[in-house]
Amino acid sequence: MEKISLQFREQLVQSLLQRGQSKFVQLSLEAGQALTNHRAALALTVIVLTGKVRFTVGETTEVLDASNMLAIAPDAEHALEGIEKSTVLLVLTPDDDAAAPQSVRMESSALEHENAYQHPELLEQIAPELRVLVQDHIEVCKVLETLGSSLDLENIQGVLQLIEKELSQHFVIEEKVVFPRMAAHVGGVDVGPVARLLEEHRHIRQLHAEAVEFLSACEQHQDEHTGSLLNNKMADLSKTLLNHLGKEDSHLFPMASRLLTVEEKVAIAAEMKQYEPYDL
């Protein structure tokens, strides 16, 4: 006999018990805390123990109160957000038709935009003042290439640290130095390509934060479920970031190189120096 407490925990994800292939996992969500879209290879039953959550499967969203239960099929994309401080029990059970776990590695055919790492000729379309940002993209793409389908926590930790540096330095330079000038030429920061890129920055930051949470859970108590969550989240983060970098390499920076004046490009190069040391 094994007694397990289901009280709210500091850790977002906590694996509690495994019996054969069946797993019991607890989520402890603060109000507003969320897990963005992800998948589980097993059939999933969601039981809200305390609080209130918003659960989304595909295009359908349900609000679940304490004592509500929801069942979803294997491999269904879903997301979860705490409306109130909540504890949720996840019960995962095997299904003969369950999909295989997603590999972290992203093949080039899965990407929507070409990047300068795979297509260095893109640099020729980009003004010299902006190429340092594209060189950063190339270094990030090189590191993302090292991700494989196996769960190597040390490798994942190194990748997440590099992405953190990208978020805290590169993204900030784009948001404070490049995007405002581009916005003056393409309709503002609240519409059009700049608004879309800013939204992608927010989404990538959220995916990174969730991956860090899952990595912490794996380091404290590694098991198949938390490992699968981490692997899937890294795959999502990798694909999203690679597509974002490709969009900037093949569209934003070539466009900026044509639209920005010589004076604006010189000003960008000068302002970027304020963020030194700036290297990946």
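Because only heavy atoms are used, hydrogens play no part in the values below, and waters and symmetry mates are left out as well, while side chains stay in. This chain uses plain numbering: 1 for the first residue, then up along the sequence. In this text the structure is predicted, and so the values were computed from the model without any measurement.
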Interatomic spacing from [atom1] in [X] to [atom2] in [Y] - rounded to 0.5 Å:
X	Y	atom1	atom2	result
Asp152	Met234	CG	CE	10.5 Å
Leu6	Ile47	CG	CD1	9.5 Å
Glu248	Glu174	CD	CD	4.0 Å
Asn243	Ile204	CG	CD1	9.0 Å
Gln118	Cys141	CD	SG	7.0 Å
Leu122	Tyr117	CG	OH	14.5 Å

Check whether any side-chain N or O of [X] sits under 3.5 Å from a backbone N or O of [Y] as a donor-acceptor pair, and report yes or no.
X	Y	answer
Asp249	Ala116	yes
Lys265	Ser257	yes
Ser168	Glu164	yes
Ser86	Lys52	yes
Arg131	Ile126	yes
Gln33	Glu30	yes
His208	Leu160	yes
Gln11	Val13	yes

When hydrophobic residues are tied together by side-chain contacts of less than 4.5 Å, even through go-betweens, does [X] share a cluster with [Y]?
X	Y	value
Met272	Leu123	yes
Ile72	Val63	no
Val57	Ile83	no
Leu259	Leu198	yes
Val189	Val172	yes

With heavy-atom distances below 4.5 Å as the criterion, would you say the side chains of [X] and [Y] are in contact?
X	Y	result
Leu260	Ile268	yes
Thr93	Thr45	no
Leu252	Phe179	yes
Val46	Met69	no
Val132	Leu130	no
Ile173	Leu133	yes
Asp236	Thr240	yes
Val140	Leu241	yes

Between [X] and [Y] (salt bridge meaning N to carboxylate O under 4.0 Å), is one present in this structure?
X	Y	result
Glu199	Arg205	no
Glu200	Lys247	yes
Arg181	Glu264	no
Lys142	Glu139	yes

Exceeds 12 heavy-atom contacts within 6.0 angstrom, atom CD of Glu10: no
Atom CD of Glu121 with >12 non-hydrogen neighbours under 6.0 angstrom: yes
Test applied, side chain to side chain donor-acceptor pair (under 3.5 Å); reference residue, His244; option that passes from Arg196, His113, His201, His203: His201
Between [X] and [Y], which heavy-atom pair has the shortest distance, and what is it?
X	Y	result
Ala34	Glu210	O-OE2, 3.2 Å
Leu42	Gln21	CD1-O, 3.5 Å
Leu17	Glu2	CD1-OE1, 3.5 Å
Ala211	Leu230	O-CD1, 3.6 Å
Val186	Val194	CG2-CG2, 3.9 Å
Val191	Ala195	N-CB, 3.5 Å

side-chain contact (heavy atoms from CB on, under 4.5 Å) assessment of Leu35 paired with Leu12: CA-CA 10 Å; Leu35 293 178; Leu12 173 63; 3.5 Å; yes
Derivation and outcome, side-chain contact (heavy atoms from CB on, under 4.5 Å), residues Val88 and Leu90: CA-CA 6 Å; Val88 179; Leu90 307 179; 3.9 Å; yes
Sequence-distant partners of Phe253, ring pair (Phe, Tyr, Trp, His ring centres under 6.0 Å), two or more places apart: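 Residues passing ring pair (Phe, Tyr, Trp, His ring centres under 6.0 Å) with Phe253: His137.
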Evaluation steps, side-chain contact (heavy atoms from CB on, under 4.5 Å), between Leu16 and Leu89: CA-CA 9 Å; Leu16 303 175; Leu89 181 64; 3.9 Å; yes
Pairs where residues 64-86 contributes a residue and the test ring-ring contact (aromatic ring centres under 6.0 Å, His included) is met, not counting sequence neighbours: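 Every pair satisfying ring-ring contact (aromatic ring centres under 6.0 Å, His included) with a residue in residues 64-86: His38-His78, Phe55-His78.
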Side-chain H-bond candidate by donor/acceptor type, Thr87 with Thr50, under 3.5 Å: yes
Intermediate values then yes/no, side-chain contact (heavy atoms from CB on, under 4.5 Å), Gln14 and Val25: CA-CA 6 Å; Gln14 177 66 60; Val25 179; 6.0 Å; no
